[in-house]
Structures are given as structure tokens and as C-alpha cells.
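All remarks here apply to the structure that follows.
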Amino acid sequence: MYVKICGLSEPEHVATAVRAGADAIGFVMTRSSRRVSPERAAELAALVPGHVLTVGVFRGEDPETVRAAALTSGVRAVQLHGNHPHGDFTALKDLGAGLIRAVDAQADLRCGAYDEDLLIVDAPQAGSGLPWDWAAVRGRPSGQWMLAGGLAPANVAEAIEAARPWGVDVSSGVESAPGVKDSGLIEEFLGEVRRTRG
């Protein structure tokens, strides 16, 4: 089970996520309480070993803005969240970074339909931290896809059982307050996922 911990902004939480076994770490570089500058993302990404994917998260920015931030930060993948057109992904293909498309369950759920490498299926209200009907997408997405939206240590096993995703993506579910990550919750979340793997 692939695990992405998103919205990190402090070195201690990056270190915790890596130590606890995260496969990917996300840095939000768009409007959000979790936003970090590309320069700050570069400092944090430098702490991440090569086997863990670093992801820059964007929502609504044009491809050139995304490109500039990705190059400054040095992230190895770019996540476009929301209703980005196919052309935005095409425009970033030559960046040499992985492409991740994050959408709600009403979108095209075929991983690769927009030339992306990974797909994230998120809650109808992205960033709300509220659980949603995970079972409604079971069997619908194809390829390498992660479940997101309302996940937390207490419910991630239930969510995995309901949706049967390839991976999971968490942000607010490992926070002690909006935008404030909690090392204990990060460790607990990864521990629950590992137990779910069997």
C-alpha cells in the first residue's frame, strides 16, 4: 500500500514521515493554510532520501507557474489538483518530473487519461478533512490510484477495505490543528496502514 503524507512544512515532520515509512511527501505550493514557498519546499525536499517521492501540490495555477515552482523546489513530481485541462499535463510532460492528477469521484478515473503517472481520488470537498463515501469508487478507478479525503489513523483501515485503492494520501488527518502536523499521528497513520497490508 503506497502512502503519501501531504502538506508538510516542518523538518521534524518530514523526518518523521520518512522514518515511519512514507512513500511520498507532498509540499503544498498553492493557496492553503499549509502553503510553503518554492524556496521552503526546496529546503524540506533536500531532507528527503531518494527512495521517497517529493511532490509539489498545485491547484489552479497555469503550467508556467507550476514549472517555475517545481524547478525552484526540486520536487520530483507535480500534483495538479482539481479541474486542470489535459493541456496542462501535456505542457508539463517535458519537465522530467512525475505527474499526478487529483480529482473527485465525478471525474475520469482512468489513471493515465491525462498522461499522468498517478491518480488521486479525493473527497467532493477537497481539503475539508471530512470522510466521504469511499465505497462508491470501489472498482471504478484504474491503474495506480490513491484514495484521499477524510482519512485519519482511526478510519484508514475502514477506507482501504471500502475502496480497495492502490495507495492512500493524507493531510488534515495527521494534524493537531489546521495546517499543523503531528508526528505522533503521522506515525500512527503509517502504522495502521502497515497493519492493514496484513
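We number each residue from 1, following the sequence as shown.
The nearest pair of heavy atoms linking V103 to G82 is CG1-O, 3.9 Å. For L185 against S176, the heavy-atom pair with the smallest separation is CD1-N, 4.4 Å. Contact detail for C111 and G143: the closest heavy-atom pair is CB-CA, 4.0 Å. Taking each heavy atom of A105 and V137 in turn, the nearest pair found is CB-CG1, 3.5 Å. The two residues I160 and P165 make their nearest non-hydrogen contact at O-CD, 3.6 Å. Considering every non-hydrogen atom in both R194 and A20, the closest pair reads NH1-O, 2.5 Å.
Residues passing the salt bridge (Lys or Arg N to Asp or Glu O under 4.0 Å) test with R140: none are found, sequence neighbours excluded. Remark: E175 pairs with R34, K181 by the salt bridge (Lys or Arg N to Asp or Glu O under 4.0 Å) rule, at least two apart or across chains.
Between C6 and V170, every side-chain heavy-atom pair lies at or beyond the 4.5 Å cut-off. Residues L92 and V66 are in side-chain contact: their nearest non-hydrogen atoms beyond the backbone lie under 4.5 Å apart. The closest side-chain heavy-atom distance from L80 to V78 is below 4.5 Å. In this structure the side chain of W134 reaches within 4.5 angstrom of the side chain of L151, judged on heavy atoms. Two residues are said to be in side-chain contact when any heavy atoms from C-beta on lie closer than 4.5 Å; T196 and M1 fail this criterion. The side-chain heavy atoms of F58 and H81, taken from C-beta on, include no pair separated by under 4.5 Å. A heavy-atom distance below 4.5 Å is not found between the side chains of K4 and L53. Side chains of F189 and V168 form a contact here, defined as non-hydrogen atoms less than 4.5 Å apart.
Atom CZ of residue R40 and atom CE of residue M29 lie 13.0 Å apart, to the nearest 0.5 angstrom. The CG atom of L119 sits 10.5 Å away from atom CG of L147, with the distance rounded to the nearest 0.5 Å. Here the CZ atom belonging to R195 is positioned 10.5 Å from the CG atom belonging to L190, to the nearest 0.5 angstrom.
Remark: side-chain polar atoms of N155 are not paired, donor with acceptor, to backbone N or O of E158 under 3.5 angstrom. Distance alone, capped at 3.5 Å, is enough to place a donor-acceptor pair between the R67 side chain and the A91 backbone. In this structure, W132 contributes its side chain and G149 its backbone to a donor-acceptor pair below 3.5 Å. One N or O on the side chain of D117 and one on the backbone of L99 form a donor-acceptor pair closer than 3.5 Å. Using a distance-only test at 3.5 Å, with no hydrogens or angles considered, a donor-acceptor pair links the side chain of E116 to the main chain of Y114.
Within a 6.0 Å radius of CZ in R138, other residues, nucleotides and ligands contribute more than 12 heavy atoms. Within a 6.0 Å sphere centred on CG of N83, other residues, nucleotides and ligands contribute 12 heavy atoms or fewer.
When each of L47, T54, I186, V174 is checked for a side-chain contact (heavy atoms from CB on, under 4.5 Å) with L8, only I186 meets the rule. The side-chain hydrogen bond (donor to acceptor under 3.5 Å, both in side chains) test with T30 is passed by exactly one of E61, Q79, R59: E61.
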Original post:
For H86 and D115, what are the C-alpha separation, side-chain angles and deciding distance, and is it a side-chain contact (heavy atoms from CB on, under 4.5 Å)?
Top reply: CA-CA 8 Å; H86 195 158; D115 295 319; 3.0 Å; yes
**OP:** Begin from the C-alpha positions of I100 and V57 and carry the test side-chain contact (heavy atoms from CB on, under 4.5 Å) through to its verdict.
**Re:** CA-CA 9 Å; I100 303 173; V57 179; over 6 Å; no
**OP:** Go through the steps to decide whether W166 and L118 satisfy the test side-chain contact (heavy atoms from CB on, under 4.5 Å), and finish with yes or no.
**Re:** CA-CA 10 Å; W166 172 81; L118 299 173; 3.6 Å; yes
**OP:** Check the pair H13 / S183 against side-chain contact (heavy atoms from CB on, under 4.5 Å), numbers first and verdict last.
**Re:** CA-CA 6 Å; H13 300 136; S183 288; 3.2 Å; yes
